[in-house]
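The structure under discussion appears below in the form of structure tokens.
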Amino acid sequence: MKKKQLLKEKTSNGVRKVGVVGIGHTKFGNLSDYELVDIMAYASLNAMEDAGIDGGIDQVIVGNMGAGMLNHQTGIESALVSTLNLEPAMAELVSNGPASGSSAFKMGYMAIVSGMVDVVLVTAGEQMRRVTGWEATDFVATLSHPEVEYPYGLTLPAFAAMFTRAYMAKYGLTERQLSLIAVKDHLNAEKNPFAHVQLPVTMEGIADSCHASVVNSYVSEPLRLYHMCPVSDGASSVVMCAMDGAARFKKKPVRIAGIGSATDTHCVHNRKDPLDLKAVRLAAEMAYKMAGIGPQDISFAELHDAFVILELCLAEEVGFFEKGKAIEAAEKGETEVSGRLPINPSGGLKAKGHPVGATGISQIHELVKQLRSEAEKGRQVKNPKYGLAINFGGFGNNVVATILAKE
Amino acid sequence: MNIAYELEMKLRPPQKEMLPYPAKFITMASGEKMVIRQAKREEIPLLLEVIEPLIKVEKDFYDIVAARFYAELLGFFRYRVRDEYCLVGTIDGVVTSICNGRLVNDDLGMSYHTMTIKRGLRCGAQMFAAKMEYHIEILNQKEVFIVAESPIGFRRWMIEYQLEPRFHVQHELGGVPTYVLTRDLYFAAKERLVTGTRPVPEELLKTSDTLILPEEYPQIPGWHR
């Protein structure tokens with residue numbers, strides 16, 4: 001690479017530009033018949049095929065939250081490299097709860113920016129359906145504080161329910177309005193071949209009919225069954241490279257424009273205002289600053305709606321809407337695929353599914369797919385330029401924001 | 001008198017007059033209306049066709065449930081089980097789910113099986129609820145014996161209804177631990193788990209008149225009738 005050309009592929013502050021040139025994804029759902037590493041290998045091979053390569057990976061980074069607990073398997077990064085026959089590529093595991101995928105992506109970006117490597121395969125996966133539903137819920141709850149939260153039965157659905165109640169009290173949101181988000185997400189997921197729940201639901205079915213209180217029963221009041229993500233297995237993968245070497249890949253790169261991440265107190269009760277998702281705001285601000293844009297420039301977003309309330313709150317924290325106003329935009333159809341600012345065109349965690357460690361890369365996968373205009377008919381965002389993903393670790397205590405841009 | 005007929009009559013168990021299950025409908029999450037009604041004996045051969053493809057599906061224990069369900073319905077059809085009934089759930093006439101059971105005596109019901117063909121809408125949960133409603137509210141029984149043959153069943157019945165474990169009693173399906181739904185447990189769970197509207201509007205009920213075989217089974221990818 002000539003020096004002059006290399007400089008051209010750097011941002012104005014001299015940082016090496018990085019892009020995504022390959023994406024892969026398994027279907028999300030019940031994949032308990034397969035081994036976790038095989039699931040991740042499948043997504044990885046898809047990403048490599050998409051990039052038009054069968055090797056040449058300098059580093060493999062795996063995002064995963066709990067294979068040691070759920071699958072009684074550790075060292076999955078080494079196992080994946082071997083399964084893919086990618087030795088002697090460097091291999092690391094990144095674990096950051098449900099934000100493991102995005103954190104792995106961030107590490108891949110940093111590795112390339114540093115100049116240490118040129119091509120990184122980031123694969124994130126989780127297999128949660130080999131254990132019972134309550135064991136999976138308990139597993140996720142282990143990210144809460146072991147002394148002042150977990151022993152009191154605080155699971156993530158319980159956290160989300162308390163959060164929703166506080167939000168309802170402050171902004172007057174209703175249960176029915178929460179169902180609107182679910183209906184939109186299910187509609188998008190129906191058209192997404194990777195989605196766990198490809199089943200459209202209606203307001204009549206989950207909110208308005210006299211049977212809805214049973215069909216859509218409470219799980220953790222005021223949150224009902226269709227206000228929550230399913231427990232899923234799955235994996236997603238991306239091939240990242242330095243833009244100065246992107247020409248050798250099959251597909252045009254999608255540029256990583258901004259990445260930010262931030263943390264907040266481990267214990268939710270230590271926050272001054274439990275409705276203030278500070279880490280989300282800070283991570284998004286950092287990503288906007290790096291990209292040199294603001295929320296008004298974002299064409300669409302993938303937001304971590306493990307519970308539908310989070311789609312609203314995250315949309316407000318990243319600056320799309322004023323606090324308490326996101327639901328008005330949703331009611332006007334602004335966040336639908338055909339709306340002014342589509343949110344979760346993939347179906348979101350709500351309906352696409354949430355294999356916790358895989359979610360971050362799955363979101364990136366969706367950003368790339370949309371920015372390449374490769375999304376399925378009926379869920380392709382019109383002329384997208386920038387896509388934002390928010391991957392929410394813990395109950396907002398470790399958040400990663402990613403902005404990708406169409407080159 | 002025809003000897004074969006006479007012999008057949010000797011083999012058949014005595015049948016008790018059972019109050020019929022009054023049809024109802026439920027609006028599912030998809031907005032589709034599922035009609036739940038009692039299956040007629042002459043409809044059993046079609047329901048056997050519904051079940052048959054699932055007999056070799058190991059996943060989620062469909063094989064054991066389907067095989068036993070098939071035998072129970074065949075027993076019902078050929079008059080070899082006493083006081084058995086079958087309920088069927090349909091959406092636009094297509095069979096989505098079925099359940100069955102029988103009366104041991106006036107006070108005790110025996111829940112047999114519940115099977116969902118169309119998955120993702122919790123049709124099975126509604127069918128089980130309808131079955132319990134039949135035993136407790138329509139037939140006015142005191143208790144229903146229940147077992148689970150799959151983790152899904154265990155979660156849906158034993159946990160959601162908080163059934164009473166009564167392992168020292170024998171369920172007709174074998175040695176699987178027996179749980180019991182009492183009237184108190186049923187009414188405690190009713191608001192949360194049992195729903196439906198009666199009467200079913202004539203037009204809607206008519207869609208269920210002729211049962212339609214499912215064309216595809218999510219349990220058997222790629223399978224078409």
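Basis for what follows: all heavy atoms, side chains included, without hydrogens, waters or symmetry-related copies. Every chain is numbered from 1, with letters handed out A, B, ... down the list of sequences.
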A:H211 (side chain) donor-acceptor with B:T27 (main chain) under 3.5 angstrom: yes
Atom of A:Y226, atom of B:G120 and distance for their closest heavy-atom approach: OH-O, 3.6 Å
Atom CG of B:D92: over 12 foreign heavy atoms under 6.0 Å: no
Note, B:K59 side chain near A:S32 side chain (heavy atom, < 4.5 Å): yes
Residues, nucleotides or ligands: over 12 heavy atoms within 6.0 Å of A:Y34 OH: no
Heavy-atom contacts under 4.5 Å, residues 194-201 of chain A to chain B: A:L199, A:P200, A:V201
B:Y217, OH atom: more than 12 neighbouring heavy atoms under 6.0 Å: yes
From B:R155 atom CZ to A:W134 atom CH2, the distance as rounded to the nearest 0.5 Å: 7.0 Å
Where B:T195 and A:C210 come nearest, the two heavy atoms and their spacing: OG1-O, 4.1 Å
Contact check, side chains of B:E191 and A:V214, non-hydrogen atoms, under 4.5 Å: no
Heavy-atom check, side chain of B:S30 versus side chain of A:T202, under 4.5 Å: no
Closest non-hydrogen atom pair, B:R122 against A:L225: CD-CD2, 3.6 Å
Atom group of B:L193 that falls short of 4.5 Å from chain A, counting heavy atoms: backbone
Within 6.0 Å of CD in A:E331, more than 12 heavy atoms from elsewhere: yes
Interatomic distance, B:I152 atom CD1 to A:T132 atom OG1 [nearest 0.5 angstrom]: 12.5 Å
